[in-house]
Number of protein chains: 2
Amino acid sequence: MNAITDFPIVLKPLGGLRPCATCRVRQVSICEAIPEADLARLGACAIGGIARPGTLFIAEADPANAFFNIISGTARLYKLLPDGRRQITGFADGGNFLGLAVSDTYAFSAEAIDTVCYCIFPRIRLRALMHDFPHMEARLLKFASTELVAAQEQMLLLGRKSAQERVASFLMARSRLAAAQGSPACFILPMARGDIADYLGITIETVVRTLRKLRDEGMIAVTNTSEVVICNALALQCLANGSHRG
Amino acid sequence: MNAITDFPIVLKPLGGLRPCATCRVRQVSICEAIPEADLARLGACAIGGIARPGTLFIAEADPANAFFNIISGTARLYKLLPDGRRQITGFADGGNFLGLAVSDTYAFSAEAIDTVCYCIFPRIRLRALMHDFPHMEARLLKFASTELVAAQEQMLLLGRKSAQERVASFLMARSRLAAAQGSPACFILPMARGDIADYLGITIETVVRTLRKLRDEGMIAVTNTSEVVICNALALQCLANGSHRG
DNA sequence: CGGTCACTTGATCGTCTTCAATACCAGTGG
DNA sequence: CCACTGGTATTGAAGACGATCAAGTGACCG
């Protein structure tokens, strides 16, 4: 019996002698603020967690007792209306930090798209860490600022862009993400059409139709529904910017 | 000749012996982080500014050399598309802090709606302040978190709410703001219809028609285009939440 | 008074949604 | 090996909501 495969969510203390020293996302996450010498202290503050595909691991309105640091996989962050309408506010993957909250409850929900591994920092312990390593607070502020700028860009998309411009923007953003892994022109979308639709404020059908249109116009190629090839990045970027109308 | 009335933007060192000590918004702004004894130091870091109605005082893509603390008045924060489409990402009034940026340029523009008074903190000086008063960084983080939560709520609105739900949400948010001044049921909208439209991701005409519909349904009363009276807060809140369909 | 500007109202149009049917693919068991 | 099943993706047709276009109103001001 294997806990990792039999349960949707698994928790365990960070194992090994130097759990954080070998962390693949440490340098790009908020943990970068902790000097090498104090990694043991850092590791003692966190609990490891694994969420299998489709699993909810942060629930809107639940007490915000902990913060999360995504190690691998991709999660969707979203808010719901009472009748089920969903707005995905973002996708979080390796290196992302979740749980910033004003009140003492979470303002959004988070679900694993593929298998997601993360570190859980109980609120109290992270606060202690921030107290002892002030650079961590600066790091967190920078992260929050980045998120804020992204959120404003997304508001522009949701409020003022056409369906085509939205999909183009999304694809270019994904391309930039893939560029970090070395292949800006060809990448895999971990999320389903429904997730893209709820992220862009349109319907599944419109996502499909728009992708088809972009394909017909030769800007992209779509192989097996999840793999995208950018054929004309310039044209796609113009579309995304909205610099094609006048 | 009066500089304050003859020029759109006026800059001057904070005058008086105790400029910050008498500041009306100090307790609710990030300056709350500075102890009483150090107010002289705080005042020396800032420059006073006044922007007359319609004046741009932060321009997207300009070098982000300074941060702003709004003292009085209301500003609109927005992003533009090349063809002129505008998305207002928020309204800033007394106590609000502007200028958080990831890169070294502003990610948005800010214009005065009515006459706006503010304090300008050159980037370097604010950094020094944050270094000497670590609580200020915590305060800033809290502010950024609050903004982030508001931005996510706005994404839900822009992506998934109907025009009626958007206007209702806007009015209830304004009502909550007015509640701080003691009158949640009756307040003045400082911004024009066009600003509301660009904030809610709809057109001026739709704003007008929706306000009229809410008026006809007895939820609100509109006196002179800028004054609103909430007649049925409960119904309006239900509409805003989207809890009226299912 | 003539001008401007913001707001309002009406009529028409288009984009995207909704509804419905079909295709596709992986997994399961006969 | 192939029918069956559940889920996701795709495509088509009809409809609705909000946008666009155009005209009219009212307030303020030189």
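Numbered from 1 within each chain, the chains take letters A, B, ... in sequence-line order.
- Counting to the nearest Å, the C1' atom of C/dC7 and the CE atom of B/Met191 are 16 Å from each other.
- In this entry the distance linking CZ of A/Arg215 with P of D/dA9 reads 16 Å, nearest Å.
- Computed from coordinates, the B/Lys161 NZ to C/dC16 P distance equals 22 Å when rounded to whole Å.
- Between A/Phe97 and A/Asn69, the shortest heavy-atom contact is CA-OD1, 3.9 Å.
- Put simply, CD1 on A/Ile113 is 13 Å from P on D/dT8, counting in whole angstrom units.
- B/Asp198 places its CG atom 12 Å from the P atom of C/dC7, with the value rounded to the nearest Å.
- Mapped onto DNA chain C by nearest heavy atom, A/Ser162 and B/Val222 fall at different nucleotides, with B/Val222 at the one closer to the 5' end.
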Any chance you could lay out the side chain to side chain donor-acceptor pair (under 3.5 Å) test for A/Gln87 and A/Tyr199, step after step, and finish with the verdict? CA-CA 6 Å; A/Gln87 179 63 38; A/Tyr199 179 57; over 6 Å; no
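- Between the side chain of B/Arg209 and the base of D/dT20, at least one donor-acceptor pair of N or O atoms lies under 3.5 Å.
- Considering only side-chain atoms of B/Thr206, the nucleotide from D/dA22, D/dG18, D/dA9 that sits closest is D/dG18.
- Considering only side-chain N and O atoms, A/Arg193 lies under 4.0 angstrom from the phosphate OP1 or OP2 of D/dT10.
- When all heavy atoms of B/Cys186 and B/Glu227 are compared, the closest pair comes out as SG-OE2, 3.9 Å.
- Taking CD1 of A/Ile58 as the reference point, atom OH of A/Tyr106 lies at 5.5 Å (rounded to 0.5 Å).
- The side chain of B/Glu205 sits closest to D/dC21 out of D/dA19, C/dC16, D/dC21.
- Put simply, CD1 on B/Ile202 is 17 Å from P on C/dC16, counting in whole angstrom units.
- As judged by a 4.0 angstrom heavy-atom cut-off over every strand, A/Gly201 is placed among residues touching the sugar-phosphate backbone only.
- Not a single donor-acceptor pair, N or O on each side, falls under 3.5 Å between the base of D/dG18 and the side chain of B/Arg166.
- Atom CZ of B/Arg85 is separated from atom P of C/dT15 by 13 Å (rounded to the nearest Å).
- Distance from the side chain of B/Thr225 is smallest to C/dC7 among C/dC7, D/dT10, C/dC16.
- Within the structure, every side-chain polar atom (N or O) of A/Thr203 is placed at least 4.0 Å from both OP1 and OP2 of C/dC16.
- Nearest to the side-chain atoms of B/Ala192 among the listed nucleotides D/dA9, C/dC7, D/dA22 stands C/dC7.
- Taking the ring centre of A/Phe187 as origin, the terminal cationic atom of A/Arg174 falls outside the region bounded by 6.0 Å and 45° from the ring axis.
- One can place CG of B/Asp195 at 12 Å from C1' of C/dA6, the figure rounded to the nearest angstrom.
- Minimum atom distance to the side chain of B/Ala163 is reached by D/dG18, of the listed D/dG18, C/dT8, D/dA9.
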